[in-house]
J.: 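Can you read through this structure? Questions will come right after.
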2 protein chains.
Amino acid sequence: MVERPFHHGNLRAELLDHAEAVLREDGADGVSLRDLARRAGVSHGAPRSHFVDRQALLDALAVRGFERLGERLREVGAVDPDRAADATFEEAVQRVARAYVDFAVQDAALMELMFAAKTDHASAAVERAAAGLFATFDELLDQHRPDQPMDPHDRQRFGLLFAAAVQGTASLVGSRRISADQGAALVDDATGILVRTFFPTLRPAPAGERPPAAPRSAG
Amino acid sequence: MVERPFHHGNLRAELLDHAEAVLREDGADGVSLRDLARRAGVSHGAPRSHFVDRQALLDALAVRGFERLGERLREVGAVDPDRAADATFEEAVQRVARAYVDFAVQDAALMELMFAAKTDHASAAVERAAAGLFATFDELLDQHRPDQPMDPHDRQRFGLLFAAAVQGTASLVGSRRISADQGAALVDDATGILVRTFFPTLRPAPAGERPPAAPRSAG
DNA sequence: ACCTGAACACCGTTCAAGT
DNA sequence: ACCTGAACACCGTTCAAGT
């Protein structure tokens, strides 16, 4: 009844919420366990009950990031049953790619955490979450092309190429090497090329939206 | 005559050298001004004479990284006068892309520093160095296709798509999301698709090396 | 199981002072 | 111009102790 313990099981989540806010504001360097404890109104040793060390908290943030990004991509990439598969496929790929880059723009520091360079030990939880994200790429592919299942090898290639394109754009935008607008255009361009390379029969050249020339001389 | 000052003008460089070693070993988090001062045998306040704060030192490392990567790419991407331009072009692009990814594998923490998410202020020196790296992409394009100058718009597109592909692969490999071997195969695949998309007349389909089929012997 | 609070070693940064 | 060394505020981490 009384609010004595102040935190009855939700301290972990509250710490993560505060951490996410600080991360967005000041970057990963600004995330301090003592500061988070202060914000939550607990002693500086309290976080230790939920995170063995600072890295464990950052890893938990990364896991959350992978999960949230995956959810968003699944929302955005859902099949539209009212439209022809062909017409909707490239659009869906492009929407997913755009959502990926948008995420990186809005949460650049979180994205950096999710793809941080691993010098030594890797967190198993983070690796699992990351693998889950990449698995959704494959799911989306299968969802949209049930009539035309891809060769497993090509499916993996497409997935990796897609991942490299969106992650590369995300990295360039997140580090401010290019603008958000440039990133959106870039990722559109990349997905267009990918789709046309792997599905040359789709969209028989609407004239005006093609690269310099057809990747395959369609005649 | 005596070696009293111990450091006569080279302390800055020595600090950076130590920092680079620590960076490789323990990541950016392990880089501490006080530790670097200790390694150089100076007082903990001495680095302040060369770097206004810790971030300034990290920025200087990033600048060095961009310069070193640019040099390497220029070495690797140099034109081979003994060969036909067509035959050597895709190979050169692929060599440059590979060198980029190799750099990211060997210096993952440095790469992370070079493409760190900017929450607030950006260092002008880092931006200049980064711009220099992207300029070398364009230089390499011009070097290899003097006979067939690209449309400026397509040149910029190619440069951005190339940058996204190599940086994306670098990020995936540096964060251990994929292996170094997968990264090499991926970047080969991506550059192959890019070259064939922008230069469809090059390499008129040697049958068996096209996208939907084998990517390239990954090793 | 969860949290407190003291203790320890280590930081970045500032600054008056030396050379 | 470059470096020293004290001072300050802030960390992460450990740990005995409380509930």
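A note on names: the letters A, B, ... follow the listed sequences, proteins ahead of strands, and every chain is numbered from 1.
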J.: Considering every strand and a 4.0 Å limit on heavy-atom distances, what is the contact class for A/Ser49: base, sugar-phosphate, or nothing?
T.: base
J.: Just how far, in rounded Å, is P of C/dC15 from NE2 of B/His44?
T.: 14 Å
J.: Whole angstrom is fine here: how far is it from CZ in A/Phe51 over to P in C/dA1?
T.: 18 Å
J.: What is the distance, rounded to the nearest whole Å, between atom CG of A/Leu33 and atom P of C/dT4?
T.: 14 Å
J.: Between D/dC3, D/dC11, C/dT4, spot the one nearest the side chain of A/Asp35, thanks.
T.: D/dC11
J.: Think A/Ser32 has a side-chain N or O under 4.0 angstrom from the OP1 or OP2 of D/dC11?
T.: yes
J.: In whole angstrom, give the distance that lies between atom CZ of A/Arg12 and atom P of C/dA1.
T.: 16 Å
J.: Just how far, in rounded Å, is C1' of C/dT14 from CG of B/Asp53?
T.: 12 Å
J.: Considering Watson-Crick and G-U wobble pairs with both distances under 3.5 Å, what does C/dA9 pair with?
T.: none
J.: Rounded to whole Å, please give me the gap between CZ in A/Arg38 and C1' in D/dA9.
T.: 11 Å
J.: Check whether the side chain of A/Arg34 and the base of D/dT13 form a donor-acceptor pair under 3.5 Å.
T.: yes
J.: Kindly say whether, by distance alone, the side chain of B/His50 makes a donor-acceptor pair under 3.5 Å with the base of D/dA1?
T.: no
J.: Consider the side chain of A/Arg54, meaning its heavy atoms from C-beta on, and name the nucleotide among C/dG12, D/dT13, D/dT4 that approaches it most closely.
T.: D/dT13
J.: Let me know the distance between CG of A/Asp26 and C1' of D/dC11, rounded to the nearest Å.
T.: 15 Å
J.: Going by the angle between their ring planes, with limits at 30° and 60°, are B/Phe89 and B/Phe158 parallel, tilted or perpendicular?
T.: tilted
J.: Atom CG of A/Asp29 to atom C1' of C/dT13: distance rounded to whole Å?
T.: 15 Å
J.: Give a yes or no on whether a salt bridge exists between B/Glu127 and A/Arg176, defined as a side-chain N under 4.0 angstrom from a carboxylate O.
T.: no
J.: Tell which nucleotide pairs with C/dT4, taking only Watson-Crick or G-U wobble pairs whose two distances are both under 3.5 angstrom.
T.: D/dA16
J.: Rounded to the nearest 0.5 Å, what separation is found between the CG atom of B/Leu140 and the CZ atom of B/Arg95?
T.: 10.0 Å
J.: Please confirm whether the shortest side-chain N or O distance from B/Arg48 to OP1 or OP2 of D/dA1 is below 4.0 Å.
T.: no
J.: Quick check on the 6.0 Å ring-centre criterion: do A/Phe66 and A/Phe115 meet it?
T.: yes
J.: Between A/Phe162 and A/Phe137, what is the ring plane arrangement, given parallel below 30°, perpendicular above 60°, and tilted in between?
T.: perpendicular
